[in-house]
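Please read the structure below before turning to the comments.
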Amino acid sequence: MAITVFLFFVASVLGLSFWLARRTTSASAYYAAGGTIHWSVNGIAFAGDYLSAASFLGICGMIATAGYDGFLYSIGYLAGWIVALFIVAEPMKRLGKYTFTDALDAKFDSRGIKLAAAISTLIVSIFYLIPQMVGAGVLVEPLLGIPHAWGVIMVGAIVITIVATAGMTSTTYVQFIKGALLVIFSLALVIAVLVRGFNPAPDQGGKVPFVEPAVLQATLAGDAVLPLDSTFAVLENAAVKQARFVRLAGPAGEGWWHVEEGDDGRVTLTQAQWEAKSADGTHVINGAPASPENKFRQVGNLVRVAGRTGDAALSGPAGPLEYLSLMSDKETVVRRWKDVSFTAEDGAKVKVIYPQETPGNRVMRPGLKFKVEGTPLEKLDFISLMLALFFGTAALPHILIRYYTVPSPTSARKSTIVAIAAIGAFYVLTLYMGLGAMTSGVVNPLDNNMSAPLLARSFGELLFAVISAIAFSTVLGTVSGLIIAASGAVAHDLMDRYAGRNMNEAQKVHAGKVAAFAVGILAIVLGILFKGMNVSFLVGLAFAVAASANLPAILMMLFWKRTTAKGITAGITVGILSSVGLILFSPSLYEKYGLDPSTAPFPLDNPGVISIPLSFLALIMVSLLTTRTTTGVEH
Amino acid sequence: MLHKPAAPTGKDPSSAFKARLGVWMFAVYALIYIGFVAINIADPLAMERTVFAGLNLAVVYGMGLILVALVLALIYDRICSVRERLLASKEGRN
């Protein structure tokens, strides 16, 4: 049934796109829907564009594993709309025609700006496309039972078809429907979470038996761990990232256990989940050969609810405030799971996933992922992320082009306010969905991106199918918008305006479609390469690039009269180079390359705090060196 | 209706006023946002304190940032709409 509902939904989206595509003949209709979309429709379409895989999959997944730290993304993403509304919305509409480059270049008519802004649009769009494609692969894997790479290829093919045949009109109406459905069904999911309340032994409505990790007491003799139960024998020791593990042979076979030494000197061994991959191709999970039936168990539950355990901890239906209050209680204990990888003595690559108990008051404030109590550098990383999220929204090309689909600056303003209402409501829901997943035993320990859809599955296959279909169309819609923005940069900004090829309407649309095809193929390749990274984290990087490359140029063009074309070109160029350069040398990317993250030359994961000021500085200095007269001619 | 070119926008006599107002309202929100980031950096444990209906400061401040964004947006739209109507009626009389 899940597959039927999913396919019906996706087919409906495609049918609507093709039906609307018949009306797209001019460049204006292709790139800006003819500027005729009503502001209320555009506002919800904004929400559809913006609530991408990062918001639905990434944020919920991060909250499910890192608690409140994931909600920081919700706060930052929403706050960014304030910059869009108060600073950018109306001027962008007044100055532009099809693309963000039009608006930036309106006062100057500079080839440098056209080139730099178009390249910036391309780079930001591609950075933003990666997490969407990763999210697509993650979604179809459990739903259709096909590998991640095929999921990515499927999304790429569908989106290229949509964009190459349709354009902004169909994208707008698809986004409108999708944005509305996403908020409505997320609300339904949150209501279901609240009605279910807390259960320390979540069994997904009786469908999946809850497994409590086994615990053994042990003693230490020197460095050796000795289980008190003599039916267990230690086979191997391992220490990774300040955590210690032992491989035990016991009555039920062998497996890896996490070693914890308490303050009172007592040593506790907790059974972990594990996999071992040998050079001969053997792949074992939890002691048995890996198969579609034998894979890692989904995890995440409460050990205590406000100090209560067992049946006494069953909360029953909880109100929205009561739910958060119980979660924040310092006597509430959440069991989260961490993973480490190492090479065993026999040469097998081992991954161990072990439980870790965290009090509720710790889960419900920042600090589990972003080390706000850590070193000055770690604090700077947190500031950098919050800065990039705040300034990134108003600089995203696929958001900016939506200002050209409405008829007037007033409509641009009003549609932004509708977007803030819809997106704000959704982001409040993310906290409940994420915490619901964290405590319902539905988190995939290898990839947290599927937490919200898997939470839906714990309430039934129908809700899972609908939520997955909406999430999938979320990806389709956002990718469509991004590819249109990127194709506009190539066909309109680069080929038509920068290269001066003076194409007619039909040629512009054709060039846009060819560009869409090329960008789509690139997105597919990158989506496969970046499998497994949290999609919200990846979007945070896209925000940093957008905030560094585009926002200083937009702000200074609007508010500083001495801004020159060369200054804007320099600001964009420095913003792109510094943000992308610093990301490539950051700890997270070093980990992705297979290198030691601590050896990364740039110590922060998010470059915003360095690259945004650098871009401003370059723009101001070059503008001062290349003053211009009131007619816009530079000296 | 979908074949028309992107609509041209006429002169907007209230644009300077709206831009000024936008900057001020942006500054107000930015200060509240900076406050959130600053508390997290300077005194992370303060975020654990219960401040309202059993909710801690992190939840109340975080949700508050979302709610305040919407309230400021509505206030901004109201003021801009009144100004646009006022200037439009003045222009109509001239």
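Chain letters run A, B, ... following the sequence lines, proteins first, then strands; residues in each count from 1.
- Here N40(B) contributes atom CG and K379(A) contributes atom NZ; the two are 10.0 Å apart, rounded to the nearest 0.5 Å.
- Using a 4.5 Å cut-off between heavy atoms, A42(B) makes no contact with chain A at all.
- The aromatic rings of F390(A) and Y33(B) lie parallel to each other, their planes meeting at an angle below 30°, with 60° marking the opposite boundary.
- For the atom pair CG (L555(A)) and CZ (F26(B)), the distance works out to 7.0 Å, reported to the nearest 0.5 Å.
- Of the listed residues A425(A), A79(A), S328(A), the one with more heavy-atom pairs under 4.5 angstrom with chain B than any other is A79(A).
- Chain A forms more heavy-atom pairs under 4.5 Å with one residue of K18(B), M47(B), E48(B) than with any other, namely E48(B).
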Let's go through L65(B) and L78(A) carefully: what are the C-alpha distance in whole Å and the side-chain angles of both, what is the deciding distance for side-chain contact (heavy atoms from CB on, under 4.5 Å) to 0.1 Å, and is it a yes or a no?
CA-CA 9 Å; L65(B) 275 167; L78(A) 194 275; over 6 Å; no

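- Of the two parts of S81(B), the backbone and the side chain both hold a non-hydrogen atom closer than 4.5 Å to a non-hydrogen atom of chain A.
- Using modelled atom types, one side-chain atom of Y68(A) and one backbone atom of A58(B) make a donor-acceptor pair closer than 3.5 Å.
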Working note: V23(B) + F559(A), criterion side-chain contact (heavy atoms from CB on, under 4.5 Å); need CA distance, chi angles, decisive distance, verdict.
CA-CA 10 Å; V23(B) 170; F559(A) 295 105; 3.5 Å; yes

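- The CG atom of L55(B) lies 11.0 Å from the CD atom of E322(A); values are rounded to the nearest 0.5 Å.
- When heavy atoms are compared at a cutoff of 4.5 Å, L72(B) approaches chain A by way of both its backbone and its side chain.
- Counting non-hydrogen atoms of neighbouring residues, nucleotides and ligands closer than 6.0 angstrom, the NZ atom of K330(A) reaches no more than 12 such neighbours.
- For F391(A), the part lying under 4.5 angstrom from a heavy atom of chain B is the side chain only.
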Begin with the C-alpha distance, continue with both residues' side-chain angles, and end with the deciding distance and a verdict on side-chain contact (heavy atoms from CB on, under 4.5 Å) for R413(A) and C80(B).
CA-CA 9 Å; R413(A) 181 181 78 236; C80(B) 289; 3.5 Å; yes

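- Of the possible donor and acceptor atoms, one in the side chain of N56(B) sits under 3.5 Å from a partner among the backbone N and O of M364(A).
- When S14(B), A38(B), P44(B), G54(B) are compared by the number of non-hydrogen pairs under 4.5 Å with chain A, P44(B) comes out ahead.
- Neither the backbone nor the side chain of L326(A) comes within less than 4.5 Å of any heavy atom in chain B.
- Most heavy-atom pairs under 4.5 Å with chain A, from the set D77(B), L67(B), L70(B): that is D77(B).
- Side-chain atoms of E90(A) and S15(B) form no donor-acceptor pair, as typed in the model, at a separation below 3.5 Å.
- Between chain A and the options L74(B), L45(B), I34(B), L21(B), the largest number of non-hydrogen pairs under 4.5 Å is found for L45(B).
- Closest approach of A73(B) and I420(A) over heavy atoms only: CB-CD1, 4.0 Å.
- Ranked by heavy-atom pairs shorter than 4.5 Å toward chain B, the options G367(A), G76(A), P366(A), G424(A) are led by P366(A).
- The nearest pair of heavy atoms linking L321(A) to A53(B) is CD1-CB, 4.1 Å.
- Contacts between I423(A) and chain B at a heavy-atom distance below 4.5 Å are absent for every atom of the residue.
- Only the side chain of Y29(B) comes within less than 4.5 Å of a heavy atom of chain A; its backbone N, CA, C and O stay farther away.
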Starting from the C-alpha separation in whole Å, work towards a yes-or-no answer on side-chain contact (heavy atoms from CB on, under 4.5 Å) for M63(B) and F71(A).
CA-CA 10 Å; M63(B) 294 284 189; F71(A) 190 56; 4.0 Å; yes

